Amino acid sequence: METEPRTVQLPSAESLTPERLRAWSWHRQGLDGSLAGCSADEVFARAGWARSIGGANPYLTLFARAGIRRAQVDADVLAHKILELPTARGCTYVLGADDFAWSLRLGRGAAESGFRVVGRLGVDRGEIALLEEQVLHTLTEAGVPLDPRRLKDELGDSVRNLGEEGKKKGAATTLPTALGILQADGRIRRVPANGRLDQQRYAYEPWGLSPSTLSDEEVREELIRRYLGWTGGATFKQSRWFSGFTVAQSRDAFAAVGAVEVPTAAGGDPLWMLPDDVGLLAAFEEPAEEQIQLLAGSDSLVLLRRNAAELLAEEDQDKQTLGSLALQADLPDHPILDRGRIIGLWQYDPGREQVAAWVFTAPTPAVAQRIAEVEAWIKADLGDFRAYSLDSPASRQPRIDALRASSVAGA
């Protein structure tokens with residue numbers, strides 16, 4: 001439902017400098033210590049869901065904001081307090097229990113698109129519906145989670161091989177389509193094979209999650225309300241990238257939450273903010289002391305708006321080793337930040353059990369201390385820090401070498 005328009009006193013555009021907006025986003029993301037002591041589900045509710053691509057980002061998201069260690073995160077997954085689910089744009093995120101049902105609705109379209117692919121290969125909806133029921137029956141009878149290979153063996157001829165044409169279209173068999181729809185409906189869920197989130201080996205088990213009572217329109221409204229709260233404000237284009245909504249759907253959702261258009265000193269597209277956040281931003285004071293964090297390249301601070309270039313000071317944007325930072329996907333390494341500004345890059349070298357870091361200027365004691373803390377945490381909790389499922393020490397070595405070379409050259 002569209003909210004009644006209300007009068008909001010905007011801060012002056014001149015006051016909303018890139019430096020101020022970086023510090024504001026940093027604060028809204030809870031990277032200033034304001035989420036210390038929170039549980040994992042509370043962090044995700046206030047700072048945003050953690051993108052999971054088989055990498056360690058969910059763990060560092062929680063460690064950076066609330067000091068939560070891996071053992072507690074894994075225990076929360078086992079207890080279903082947090083889970084990795086397919087949601088916005090069909091992408092997987094780790095999120096809290098209060099968001100399970102309605103967020104799954106956001107991934108339904110991506111799951112159905114899988115059927116459209118196999119449909120063009122001669123598979124009708126009835127065949128997939130029957131396979132869904134057979135998958136549920138098999139998982140229930142097994143009594144333990146089954147990985148895709150064992151599940152396919154158990155189902156036998158019920159899973160149709162779609163041949164070379166199917167492989168070309170990314171659908172070798174009908175099983176992934178059925179699994180995708182079952183997950184989007186909350187009837188099954190993926191279980192990490194070894195209980196850890198920083199890998200992509202899964203089994204499946206029955207779930208039976210009660211469906212959300214929200215309409216599609218209300219689900220879109222809820223996501224935009226959350227998104228604008230997580231970011232503290234974003235452009236219309238940024239919101240569409242994250243949500244996958246059409247222009248019309250986005251406009252309706254923005255109107256429903258009473259989003260306010262806020263011009264900034266940086267020029268370009270204005271930010272859209274929740275009404276209450278406009279006043280909070282006007283009264284916000286940038287922290288005077290250093291606040292250093294090492295984050296993953298897919299952290300919510302960067303990923304929600306894909307605006308890594310805006311997190312660099314003007315004098316740092318042309319550094320050759322950085323490459324193009326027009327989009328988050330172009331970040332060559334993980335960022336080191338101070339109050340929202342990227343001040344360096346890092347990778348983990350498991351061979352040396354060290355963080356390889358390049359800080360653009362001489363590192364301060366606070367920077368050195370945080371690097372040491374994150375290095376010790378990786379060694380104790382993770383063993384390695386992978387950006388995504390196919391990340392490996394060998395594939396990472398050229399970037400590690402480049403960071404060390406840049407650090408030496410800078411020194």
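Worth saying up front: this structure is predicted, and the values here are computed from it rather than measured. Note: hydrogens, waters and symmetry copies are ignored here, and every other heavy atom, side chains too, is used.
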inquiry  = If the threshold is 4.0 Å, N to carboxylate O, is there a salt bridge linking Glu221 and Arg225?
reply    = yes
message = Side chains of Asp384 and Pro393, heavy atoms from C-beta outward: is any pair under 4.5 Å?
response = yes
Asp333 vs Gln347, side chain to side chain donor-acceptor pair (under 3.5 Å): CA-CA, chis, key distance, verdict = CA-CA 6 Å; Asp333 303 291; Gln347 291 277 3; 2.9 Å; yes
request  = State, without any angle test, whether Trp26 and Gln291 hold a side-chain donor-acceptor pair at a distance under 3.5 Å.
outcome  = yes
task = Give me the ring orientation class for Trp346 and His334: parallel if the planes are under 30° apart, tilted from 30 to 60°, perpendicular past 60°.
result = tilted
message = Applying side chain to side chain donor-acceptor pair (under 3.5 Å) as the test, list every pair that has at least one member in residues 256-269; sequence neighbours left out.
response = none
message = Could you check whether Asp74 and Tyr59, counting side-chain N and O atoms only, form a donor-acceptor pair closer than 3.5 Å?
response = yes
Donor-acceptor pair between Thr174 and Thr177 side chains, under 3.5 angstrom = no
ask   = Taking atom OG of Ser239 and atom CG of Leu304, what is their separation to the nearest 0.5 Å?
value = 11.5 Å
remark   = All heavy atoms of Arg305 vs all of Gly233, minimum pair found to be NH1-O, 3.1 Å
ask   = So, Ser103 versus Asp99: side-chain donor-acceptor pair below 3.5 Å or not?
value = no
message = Regarding Glu286 and Arg339, does a basic nitrogen lie under 4.0 Å from an acidic carboxylate oxygen?
response = no
query = Hey, is Glu133 close enough to Arg187 for a salt bridge, meaning N to O under 4.0 Å?
reply = yes
request  = Taking the side chain as every heavy atom from C-beta outward, state whether Ser407 and Arg404 have any pair of such atoms under 4.5 Å apart.
outcome  = no
key: Pair Glu164-Lys168, salt bridge (charged side-chain N to carboxylate O under 4.0 Å, His left out): steps then yes or no   = CA-CA 6 Å; Glu164 289 302 317; Lys168 291 178 183 177; over 6 Å; no
ask   = Using the ring of each side chain (for Trp, its six-membered ring), is Trp358 parallel, tilted or perpendicular to Phe360, with breaks at 30° and 60°?
value = perpendicular
query = Hey, does Arg46 have a side-chain heavy atom less than 4.5 Å from the side chain of Trp230?
reply = no
key: Salt-bridge contact Asp299-Arg65 (side-chain N to carboxylate O under 4.0 Å)   = yes
ask   = Looking only at atom types and distance, does a side-chain atom of Asp277 sit under 3.5 Å from a main-chain N or O of Gly232, one as donor and one as acceptor?
value = no
query = Heavy atoms, side chains only, cut-off 4.5 Å: are Phe63 and Ile68 in contact?
reply = no
task = Compare every heavy atom of Leu175 with every heavy atom of Pro148, then report the nearest pair and how far apart it is.
result = O-CD2, 4.0 Å
query = Looking at Glu373 and Arg370, does any basic side-chain N land under 4.0 Å from a carboxylate oxygen?
reply = yes
key: Whether over 12 other heavy atoms sit under 6.0 Å from His80 NE2   = yes
request  = Could you verify whether a donor N or O on one side chain and an acceptor N or O on the other, from Thr138 and Glu154, lie under 3.5 Å apart?
outcome  = no
query = Nearest heavy-atom pair of Thr235 and Leu271: which atoms, and what distance?
reply = N-CD2, 4.1 Å
query = Relative to the ring of Phe242, is the ring of Trp49 parallel (under 30°), tilted (30 to 60°) or perpendicular (over 60°)?
reply = tilted
query = So Tyr348 and Glu353, side chain to side chain donor-acceptor pair (under 3.5 Å) or not? Walk me through it.
reply = CA-CA 7 Å; Tyr348 187 71; Glu353 295 187 320; 5.2 Å; no
Donor-acceptor side-chain pairing of Gln183 and Arg189 below 3.5 angstrom = no
message = Going by ring-ring contact (aromatic ring centres under 6.0 Å, His included), name the residues that satisfy it together with Phe236, two or more places apart in sequence or in a different chain.
response = Phe254
query = Is the closest basic N to carboxylate O distance between Arg22 and Glu310 below 4.0 Å?
reply = no
task = Using a 4.5 Å cut-off on heavy atoms from C-beta on, say whether the side chain of Arg89 contacts that of Ser243.
result = no
